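To start, the structure under review is shown below, and the notes come after it.
The sequence lines fix the lettering, A, B, ..., with proteins before strands; numbering per chain opens at 1. Note that the structure is predicted; figures quoted are calculated from it, not measured.
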Amino acid sequence: MSTHRFLVMTRSAPYGTSAARDALETALTCSVFEQPVTLLFLDDGVFQLLKGQAPASIEQKNLNAMQQSLPLYDIERLYVSKRALELRGLSAADLILPVELIDDAALPALLAQHDTVLSI
Amino acid sequence: MTTRTINGCPIRFDSEGYLENLADWTPGVAEVLAQEESLVLTEAHWEVLNLLREFYRQYEHSPAMRPLVKAVGQSLGKDKGRSIYLMQLFPGSPAKVAARLAGLPKPDNCL
Amino acid sequence: MILHTLNQGPGNPALLENCLTAMTATDTLLLIEDGIYWSLPAYADTLARVPGRVQALESDLTARGIKTALTTVDDTGFVELTINHDKVVSWF
């Protein structure tokens, strides 16, 4: 099987819509097909990675649980927009997984490195 | 959906034979489901089934083959963390068969 | 007296701006769903511009792992708010 590099770009907060879960499941599916996949969190998408979520209160599954299995799917490239995080008064220490912070200026190069960019 | 009585307890299954309710599972249920797959559960099967249930508890989904192989390798040793080993224990589609015996939902993303 | 509910986060600042424009001092803004992210300290200045009261829905805060200094209401409190106001306007 030839490899195709996917970038899954996710911009929505968790739980309000299914977009965050859809993005995560898309990334897992890419991995199951043995394609390298990178996740990029922009805008309200950075809220997906916040620690301490407890969505049982709104009868949803905890996104943090599935996120923590990402290393088992060999998905280890997680980028978070530095600006989106700072605007929200957050830092990498507030997030559930180790991530790489990316400057706006580096986004075009990141997109260029991938064969397909999925915006979810 | 069907309801079957196993060891005296009514248990509901979905159309593909996976348990509807995780809490209905007992080791005895796994034994009965295994017999139907013509499997006899040994120590080697049980350590994988227990690992699967722990995976589900922690990550809230049933793993596809790739993460299952990796998780088995990390917990049970490198020589067990191989597709061929899991294929021998749970012939056909190990991620699906083992999830069913462990009382978990069918894995998404399973080829 | 109007109860305004807002269900989108800082990724959609125009929604909150529209809501603020339409509010008066006797109104209440209730942050629900992704709207609760506005209760983060980073947006204190924005919320200070709300002409009336601001509250946030407890179950949505808990779900998303957000703690706030705002007054919170549970589901029963939400129902009471809708009863105590003349009407409800949803910003979504």
Side-chain angles (χ1 to χ4, degrees), chain A residues 9-24 39-68 80-97 99 101 104 107 119-120, chain C residues 4-19 29-50 54-79 81-82 89-92:
Chain A
M9 195 162 82
T10 172
R11 295 171 288 107
S12 302
Y15 311 120
T17 67
S18 69
R21 178 162 290 269
D22 294 343
L24 190 53
L39 274 162
L40 171 61
F41 298 85
L42 299 175
D43 297 340
D44 282 353
V46 304
F47 290 135
Q48 294 175 28
L49 291 168
L50 270 189
K51 285 177 187 165
Q53 297 171 31
S57 64
I58 52 170
E59 292 173 9
Q60 293 210 38
K61 278 195 171 187
N62 197 335
L63 214 56
N64 284 165
M66 206 182 246
Q67 285 161 347
Q68 284 175 298
V80 170
S81 159
K82 191 163 176 277
R83 185 172 58 91
L85 209 55
E86 283 171 357
L87 278 175
R88 288 161 179 78
L90 303 171
S91 75
D94 297 310
L95 308 181
I96 188 99
L97 289 169
V99 300
L101 300 184
D104 288 354
L107 288 176
S119 176
I120 302 173
Chain C
H4 299 261
T5 65
L6 183 129
N7 82 340
Q8 289 193 29
N12 186 355
L15 189 70
L16 181 63
E17 287 305 325
N18 284 323
C19 171
L29 169 61
L30 178 64
L31 302 171
I32 62 168
E33 299 172 24
D34 294 340
I36 60 96
Y37 291 114
W38 286 109
S39 68
L40 284 169
Y43 303 106
D45 290 350
T46 308
L47 286 196
R49 293 194 288 116
V50 176
V54 190
Q55 304 190 354
L57 191 62
E58 218 166 75
S59 53
D60 285 326
L61 287 163
T62 309
R64 291 162 178 79
I66 299 291
K67 293 183 177 68
T68 179
L70 291 180
T71 306
T72 63
V73 294
D74 59 13
D75 291 350
T76 311
F78 189 175
V79 174
L81 283 174
T82 61
V89 175
S90 301
W91 299 91
F92 60 92

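- Neither the backbone nor the side chain of Leu61(C) comes within contact range of chain A; no heavy atoms are under 4.5 Å apart.
- Heavy atoms of other residues, nucleotides or ligands lying less than 6.0 angstrom from NZ of Lys61(A) number more than 12.
- In terms of heavy atoms, Leu40(C) sits closest to Phe47(A) at CD1-CE2, 3.5 Å.
- Here Asp34(C) is the residue among Asn12(C), Asp34(C), Ile32(C) with the most heavy-atom pairs under 4.5 Å with chain A.
- The nearest pair of heavy atoms linking Ser57(A) to Ala63(C) is OG-N, 3.4 Å.
- Among the candidates Ala84(A), Gly52(A), Pro55(A), Gly89(A), the residue making the largest number of heavy-atom pairs closer than 4.5 Å to chain C is Pro55(A).
- Comparing Gln60(A), Gln48(A), Arg88(A) by heavy-atom pairs within less than 4.5 Å of chain C, the highest count is held by Arg88(A).
- No option in Leu50(A), Ile58(A), Leu63(A) other than Ile58(A) meets the side chain to side chain contact (heavy atoms under 4.5 Å, CB included) test with Arg64(C).
- In this structure, the portions of Pro10(C) lying under 4.5 Å from any heavy atom of chain A include both its backbone and its side chain.
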